[in-house]
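Inspection log for the structure reproduced underneath, given as structure tokens.
Each chain gets a letter, A, B and so on, in the order its sequence line appears, and its residues count up from 1.
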There are 2 protein chains.
Amino acid sequence: MFFTKSFGYAVRGILYVGLMSNEKKRVQIDEIAEKLAVPKHFLGKIMNKIVKEHILDSTKGPYGGFSLNKDTLSIPLIKVLEVTDGLEQFSMCALGLRKCNPEHPCPVHHEMEPLRSNLKRALTNATINDLVAGNKPELIRNISAF
Amino acid sequence: MFFTKSFGYAVRGILYVGLMSNEKKRVQIDEIAEKLAVPKHFLGKIMNKIVKEHILDSTKGPYGGFSLNKDTLSIPLIKVLEVTDGLEQFSMCALGLRKCNPEHPCPVHHEMEPLRSNLKRALTNATINDLVAGNKPELIRNISAF
DNA sequence: CGTATAAAAGATTTTAATGTCTTTTATATG
DNA sequence: CATATAAAAGACATTAAAATCTTTTATACG
Ligand code: FES
Ligand code: FES
């Protein structure tokens, strides 16, 4: 519901890098994929998009890997969603009719519109930093597959 | 976002039958598919599931087609969602981690849980009848793809 | 420079949702 | 019963997301 797997992988990957950034400067994809129990190469492609959008940094070669940059912690979740899933969903009709149009509301428009707005607002307000706050071992446990 | 196309087709199909039920006893799939601009055979399969779950009635042969039954109008939308998409989505973690578990909340749990509950409640409370109420030509226009 | 390391990129496969086309089954009516 | 009609069912195709595997590129370091 709501999001693709890619979005989940992206959020969890970014958070894992954030949680590890005290201990090590860079985190490798192999470690992330293993700890999150996520397919390595698929995650790699998603992380690559994340880097292209300057949400994380990366370097190739020995001692390379993924790392936070000066902006990472202040990135809102909706930016991550934009990279992985796009934001068209917020302007589309929930019944898939066309672009949502309050002038010609579909039968579920009045139910869905407030929920959609709330979701958009929540994702816009919540930053990576908000999610990284709190008990660290617990968080690492919670972003792992179980 | 939120739902599959199948759900949208199902809701619109049921509503079209409901809106036509004054004028004609039964509505054929060809007419529904044409008016909603939806692929006929795909819609047929979805309508078939809807009939199997007693949300609508159908009869084969001449003068056959789909029709309301005594329960149709009081069916909540969540029942339709269950038939087309299933309801597992409401117990799964929004990040796709596993079953959502408030004891071990994922980083977006506190953002998502209220939204999910609200959506579930809205879909549980809204019946087909609620959606059929109102200006009929306008509704027919609004469930069409145009 | 040569080598090892790690991300990036590319090619291919799998899976589920969606869509199309054909055949079968049920039924109303003459 | 014969025929036409319309849903149901089945087989197959397409598409996008997800996953896997291989090759290329960049870089640290001896
Ligand atoms: S018109 Fe369907 S959600 Fe707004
Ligand atoms: S644990 Fe992720 S939404 Fe509840």
Side-chain angles (χ1 to χ4, degrees), chain A residues 1-10 12-14 17 20 24-34 36-67 69 81 83-86 88-89 92 95-96 145, chain B residues 1-10 12-14 17 20 24-34 36-67 69 81 83-86 88-89 92 95-96 145:
Chain A
M1 165 152 79
F2 294 154
F3 314 126
T4 62
K5 282 194 178 185
S6 292
F7 175 69
Y9 291 170
R12 292 162 65 200
I14 295 166
V17 173
M20 285 296 142
K24 43 173 71 173
K25 193 153 168 289
R26 299 203 179 98
V27 191
Q28 283 80 48
I29 195 80
D30 293 76
E31 176 180 341
I32 307 174
E34 188 197 333
L36 305 186
V38 150
K40 168 180 161 177
H41 294 290
F42 186 56
L43 178 63
K45 280 166 208 222
I46 296 165
M47 295 299 274
N48 183 230
K49 284 188 194 175
I50 294 295
V51 168
K52 284 217 175 89
E53 295 295 325
H54 310 293
I55 296 171
L56 286 178
D57 282 353
S58 72
T59 19
K60 293 180 175 180
Y63 305 94
F66 297 89
S67 55
N69 64 35
L81 187 70
V83 173
T84 58
D85 300 17
E88 312 74 42
Q89 31 182 345
M92 275 200 29
L95 289 187
Chain B
M1 166 151 80
F2 295 152
F3 313 126
T4 62
K5 282 193 176 187
S6 292
F7 175 69
Y9 291 170
R12 292 162 65 201
I14 295 165
V17 173
M20 285 297 141
K24 44 172 71 175
K25 194 154 168 286
R26 300 202 178 99
V27 191
Q28 283 80 48
I29 195 78
D30 294 76
E31 176 179 340
I32 307 174
E34 187 197 332
L36 304 186
V38 149
K40 167 181 163 178
H41 293 290
F42 187 56
L43 178 64
K45 280 167 208 219
I46 296 165
M47 295 298 274
N48 184 229
K49 285 188 193 174
I50 294 297
V51 168
K52 285 218 175 85
E53 296 295 325
H54 310 293
I55 296 171
L56 285 178
D57 283 352
S58 72
T59 17
K60 294 180 175 181
Y63 305 94
F66 297 89
S67 55
N69 64 36
L81 186 69
V83 173
T84 58
D85 300 18
E88 312 75 43
Q89 31 181 346
M92 276 202 27
L95 289 186

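Nearest heavy-atom pair, R26(A) versus Q28(A), reported as atom, atom and distance to 0.1 Å: O-NE2, 4.0 Å. Across all non-hydrogen atoms, the minimal contact from A10(A) to I50(A) is CB-CD1, 4.1 Å. Nearest approach of I14(B) to L56(B), heavy atoms of both residues: CG1-CD1, 4.2 Å. The two atoms that bring S58(B) and V51(B) nearest to each other are OG-CG1, 3.6 Å, heavy atoms only. Contact record, S6(A) with T84(A): O-CG2, 3.9 Å, taken as the closest heavy-atom pair.
The stretch residues 42-50 of chain A touches DNA chain D through F42(A), K45(A), each having a heavy atom within less than 4.0 Å of the strand.
Note on S6(A): a side-chain N or O is less than 4.0 Å away from OP1 or OP2 of dA18(D).
Position along DNA chain C of the nearest nucleotide to V51(A) versus V38(B) favours V51(A) as the more 5'-ward residue. Along DNA chain D, the nucleotide closest to K40(B) and the one closest to H41(A) are compared, and the more 5′ of them pairs with K40(B).
The closest donor-acceptor contact from the side chain of D85(B) to the backbone of T4(B) lies under 3.5 Å. Side-chain atoms of R12(B) come within 3.5 Å of backbone N or O of L36(B) as a donor-acceptor pair.
Rounded to an integer number of Å, the gap from F7(A) CZ to dA17(D) C1' is 16 Å.
With sequence neighbours excluded, the residues satisfying salt bridge (charged side-chain N to carboxylate O under 4.0 Å, His left out) with D30(A) are K40(A). Partners of Y9(A) under the ring pair (Phe, Tyr, Trp, His ring centres under 6.0 Å) rule, at least two apart in sequence or in another chain, are F42(A).
Read 5' to 3', the first and last nucleotides of DNA chain C with an atom closer than 4.0 Å to a heavy atom of chain A are dA4(C) to dA11(C).
An angle of 0°, rounded to 10°, separates the two end axes of the helix from dC1(C)-dG30(D) to dG30(C)-dC1(D), each defined over five pairs.
Taken to the nearest 0.5 Å, the NZ atom of K52(A) stands 9.5 Å off from the NZ atom of K49(A).
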Can you tabulate the close N/O pairs, meaning under 3.5 Å, that link protein atoms to atoms of nucleotides 1-5 of chain D?
from	atom 1	to	atom 2	distance (Å)
dT5(D)	O2	P62(B)	N	3.4

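Just one of N48(B), I29(B), D57(B) meets the side chain to side chain contact (heavy atoms under 4.5 Å, CB included) condition when paired with F66(B); it is I29(B).
A 4.5 Å side-chain heavy-atom check between V83(A) and F7(A) finds every atom pair outside the cut-off.
As judged by a 4.0 angstrom heavy-atom cut-off over every strand, Y9(B) is placed among residues touching the sugar-phosphate backbone only.
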